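Report on one structure; see the data block that follows.
We number each residue from 1, following the sequence as shown. Given the structure is predicted, the values throughout are model-derived calculations rather than measurements.
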Amino acid sequence: MEAGAFSVSGIMVGWLGATAQAAHQIALNCASTTFMAVLGLSMGSSIRTAHAYGSNDVPRLKRIGVSTIAGGLIYGVVTGLLFILFRYQLPYLFNSEAAVVTLSAQLLLVAALFQVSDSLQAIGAGLCRGIKDVKVPTILVAVAYWVIGIPVGYWLAFEQGWGASGIWWGFVVGLSMAALFLNRRFLRMVSKKVV
């Protein structure tokens, strides 16, 4: 769901021209790089929660969930701060054209905001997988990205004239909703001792 949403957003950014597309790709490469570490954390949380789930150890399940969510939050804040601090330097790793670098720096500021949301949604998905909860989270993620995030991004980009930044604000909204939906579901299921 997430990869598809980012792909569609890339097509929409392409409608804005070559500079916007280049800046989008630069910022997306940076965000994808930081996402790889949190994806590993998500997979680890899935394995750990599955082990606790299989052992029927609900207190351990809660500890794993809360500690992994906290770790993702810290990681998201740190990477977000790095994006803010190095927003003008990172684009030069890819391109030296002034217009592209300037727009990339703007998109990296928005990407800095969704580092926390992106971390938490990935971890929430991993935690839910660990307790064999995949059907409802898939629906929740579809709603977050396709019903909320992409339409908001389109509206901001094209109806409000925000351009590529508008599409990236759609990412912020979609990822934040996914993070909220998934982590809330995991914590609620564990607190109700459904597992």
Side-chain angles (χ1 to χ4, degrees), residues 1-42 72 75-125 137-182:
M1 294 294 174
E2 183 181 1
F6 273 83
S7 295
V8 167
S9 297
I11 292 169
M12 290 193 298
V13 170
W15 299 339
L16 298 167
T19 299
Q21 183 70 294
H24 169 78
Q25 286 302 324
I26 289 169
L28 189 59
N29 281 340
C30 292
S32 297
T33 300
T34 58
F35 182 73
M36 291 301 105
V38 84
L39 186 60
L41 188 59
S42 170
Y75 178 79
V77 169
V78 169
T79 56
L81 288 173
L82 290 173
F83 279 1
I84 291 169
L85 292 173
F86 297 106
R87 68 184 178 273
Y88 290 107
Q89 291 78 21
L90 290 170
Y92 280 107
L93 297 173
F94 302 89
N95 190 301
S96 59
E97 190 176 318
V100 173
V101 170
T102 301
L103 185 53
S104 297
Q106 291 173 8
L107 297 182
L108 284 170
L109 275 178
V110 182
L113 294 175
F114 76 60
Q115 289 300 292
V116 170
S117 300
D118 205 11
S119 295
L120 293 180
Q121 67 82 25
I123 287 167
T138 300
I139 294 167
L140 294 174
V141 168
V143 169
Y145 297 137
W146 292 92
V147 177
I148 301 171
I150 290 177
V152 166
Y154 180 88
W155 180 74
L156 290 172
F158 300 104
E159 301 297 324
Q160 298 302 307
W162 290 20
S165 294
I167 292 169
W168 278 68
W169 277 103
F171 291 162
V172 172
V173 172
L175 290 166
S176 297
M177 296 307 297
L180 177 68
F181 292 160
L182 294 171

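Scanning all heavy atoms of the two residues, the minimum distance from L28 to W168 falls at N-CH2, 3.6 Å. Pairing each heavy atom of Q106 with each of S165, the nearest pair is OE1-OG, 4.0 Å. Scanning both residues, C30 and L90, for their nearest heavy atoms gives SG-CB, 4.2 Å. Counting all heavy atoms, side chain and backbone alike, W169 lies closest to L156 at CB-CD1, 3.6 Å. When all heavy atoms are compared, the tightest approach of A20 to L103 is CA-CD2, 3.6 Å. A pairwise comparison of heavy atoms in L16 and G163 identifies CD1-C, 3.5 Å as the closest pair.
A search for side chain to side chain contact (heavy atoms under 4.5 Å, CB included) contacts involving L109 returns I84, R87, not counting sequence neighbours. By the side chain to side chain contact (heavy atoms under 4.5 Å, CB included) test, S9 pairs with M12, I150, I167, F171, sequence neighbours left out.
Distance alone, capped at 3.5 Å, places no donor-acceptor pair between the S119 side chain and the V38 backbone. Using a distance-only test at 3.5 Å, with no hydrogens or angles considered, no donor-acceptor pair links the side chain of T102 to the main chain of A99. With hydrogens and angles ignored, the 3.5 Å screen pairs no side-chain donor or acceptor of S96 with any backbone N or O of Y92.
Summarising the geometry, atom OG1 belonging to T79 is positioned 8.5 Å from atom CG belonging to D118; distances are rounded to the nearest 0.5 Å. Note that the OG atom of S32 and the CZ atom of F6 stand 7.5 Å from one another [nearest 0.5 Å]. Note: H24 NE2 to T19 OG1 = 14.0 Å, rounded to the nearest 0.5 Å. Remark: L175 CG to L120 CG distance equals 10.5 Å, nearest 0.5 Å. In this structure, CG in N95 is found 5.0 Å from CD1 in I26, a value given to the nearest 0.5 Å.
The side-chain heavy atoms of T34 and Y75, taken from C-beta on, include a pair separated by under 4.5 Å. Considering only heavy atoms from C-beta on, F181 stays 4.5 Å or farther from Q121 through its side chain. A heavy-atom distance below 4.5 Å is found between the side chains of V8 and W146. The side-chain heavy atoms of L108 and P91, taken from C-beta on, include a pair separated by under 4.5 Å.
A perpendicular orientation is assigned to the rings of Y154 and W15, their planes being inclined by more than 60° (bins at 30° and 60°).
No more than 12 heavy atoms of other residues, nucleotides or ligands sit less than 6.0 Å from atom CZ of F86.
Sequence neighbours left out, the pairs with a member in residues 171-182 that pass side-chain hydrogen bond (donor to acceptor under 3.5 Å, both in side chains) are S117-S176.
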